[in-house]
Amino acid sequence: MQIFGVDIGGSGIKGAPVDLDKGDLAQERCKVLTPHPATPDGVADGVKQVVDHFGWRGPVGLTFPGVVTDGTHIRTAANVDKSWIDTDARTLFSERLGGLPVTVVNDADAAGVAEIEFGAGRDRKGVVVLLTFGTGIGSALFVDGELVPNTELGHLELDGHDAEKKASSKAKEDHDLSWEQWAQRVDKYLAHVEMLFTPDLFIIGGGVSRKADKFLPYIGGIKAEIVPAQLQNNAGIVGAAMRAAHHAR
């Protein structure tokens, strides 16, 4: 069974049909740059471009980098334009895609759902926290495989700032940090999350998951197991498609 998934990020919008039996992309993904400012209309145009690239005419799952309630209402927009707040995202995207059925989910929650089903969190009980390091820091919290949605742990305070302003991969680039210097910030952040939630497992997602060997060796003192996401930067696309398939039943 194939369903289309789109992952909307602060820097790029990427999508592809997903083989839900394998938990992997059925075709090579298409990516376009996220417009700046990342307004609802601009992002919707980017999503349409990605979907049209494949000529897709079925259900579409979409991630969004912020809190999404009831599968449609946008409540926060830290890394996109603030005009997203209170937007009915399902209606916006469905209309832009010619009436296709649309499901919208928090981006890190989508990545987490995919990793729990097909990746590093498969068959893991207890408390699992997936953290995506990109333009910001997204989070997905699971208890015995069940998602606690919209946790937004990237906005925990770290050194007087939102944690994602100090420890995201964008912060690494903005401050020209070495992998070791950045890992020290990530280590401090993980220690704070561990203090609050006592997870059994941290899954590190986002683009940096492909380079885990460059920073994980510098992280110490964390009691939880720490592993990179197995689906790497495709986890959001897969999870979005999984959610769309669930709602299409």
Side-chain angles (χ1 to χ4, degrees), residues 1-9 12-32 44 46-65 68-72 89-90 93-94 96-125 128-132 134 138-150 201 203-207 209-210 227-249:
M1 179 182 181
Q2 291 188 15
I3 296 284
F4 203 90
V6 179
D7 190 12
I8 298 169
I13 300 168
K14 51 190 182 291
V18 174
D19 184 332
L20 291 178
D21 295 320
K22 297 179 180 177
D24 199 2
L25 306 191
Q27 298 182 52
E28 186 174 345
R29 70 189 191 186
C30 171
K31 181 177 180 178
V32 300
V47 168
K48 184 178 189 306
Q49 187 177 343
V50 170
V51 174
D52 286 353
H53 174 81
F54 295 91
W56 183 262
R57 297 305 304 162
V60 177
L62 293 138
T63 77
F64 182 80
V68 183
T69 57
D70 302 321
T72 188
R90 181 190 294 146
F93 288 120
S94 182
R96 196 61 55 92
L97 296 175
L100 297 183
V102 165
T103 302
V104 186
V105 61
N106 172 268
D107 56 349
D109 285 351
V113 165
E115 285 293 328
I116 288 291
E117 182 70 21
F118 295 108
R122 190 171 186 175
D123 299 325
R124 294 295 296 255
K125 297 298 183 183
V128 176
V129 175
L130 173 131
L131 298 167
T132 60
S139 62
L141 173 66
F142 295 85
V143 181
D144 291 335
E146 293 295 320
L147 174 68
V148 180
N150 292 311
L201 175 68
I203 302 173
I204 306 300
S209 59
R210 297 190 301 267
V227 298
Q230 290 182 8
L231 279 67
Q232 297 183 347
N233 219 15
N234 290 335
I237 297 173
V238 174
M242 289 171 63
R243 282 296 162 130
H246 176 78
H247 287 109
R249 290 172 187 164

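What you see is a predicted model, and the numbers here were worked out from it, not measured in a lab.
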Gap between atom [atom2] of [Y] and atom [atom1] of [X] - 0.5 Å precision:
{"X": "I237", "Y": "I8", "atom1": "CD1", "atom2": "CD1", "result": "11.0 Å"}
{"X": "L62", "Y": "F93", "atom1": "CG", "atom2": "CZ", "result": "5.5 Å"}
{"X": "T63", "Y": "R243", "atom1": "OG1", "atom2": "CZ", "result": "12.5 Å"}
{"X": "I13", "Y": "K31", "atom1": "CD1", "atom2": "NZ", "result": "10.5 Å"}
{"X": "L147", "Y": "L130", "atom1": "CG", "atom2": "CG", "result": "10.5 Å"}

To check you understand the geometry: which heavy-atom pair defines the closest contact between [X] and [Y], and what is its length?
{"X": "F142", "Y": "G112", "value": "CZ-C, 3.3 Å"}
{"X": "I3", "Y": "A245", "value": "CG1-CB, 3.9 Å"}
{"X": "A108", "Y": "G138", "value": "CB-C, 3.5 Å"}
{"X": "A110", "Y": "G236", "value": "CB-O, 3.8 Å"}
{"X": "P228", "Y": "I203", "value": "C-CG2, 4.2 Å"}
{"X": "S209", "Y": "A229", "value": "CB-N, 4.1 Å"}

Are any of the side-chain heavy atoms of [X] and [Y] separated by less than 4.5 Å?
{"X": "V129", "Y": "L141", "result": "yes"}
{"X": "V104", "Y": "T72", "result": "no"}
{"X": "M242", "Y": "F118", "result": "yes"}

Which pairs with one or both residues in [range] pass side-chain hydrogen bond (donor to acceptor under 3.5 Å, both in side chains), sequence neighbours excluded?
{"range": "residues 14-30", "result": "D7-K14, R29-N234"}
{"range": "residues 46-59", "result": "K48-D52"}
{"range": "residues 96-119", "result": "D41-R96, D45-R96, N106-E152"}

Between S94 and L100, is there a donor-acceptor pair closer than 3.5 Å when you use the side chain of the first and the backbone of the second? yes
The side chain to side chain contact (heavy atoms under 4.5 Å, CB included) partner of F4 among V18, V102, V51 is V51
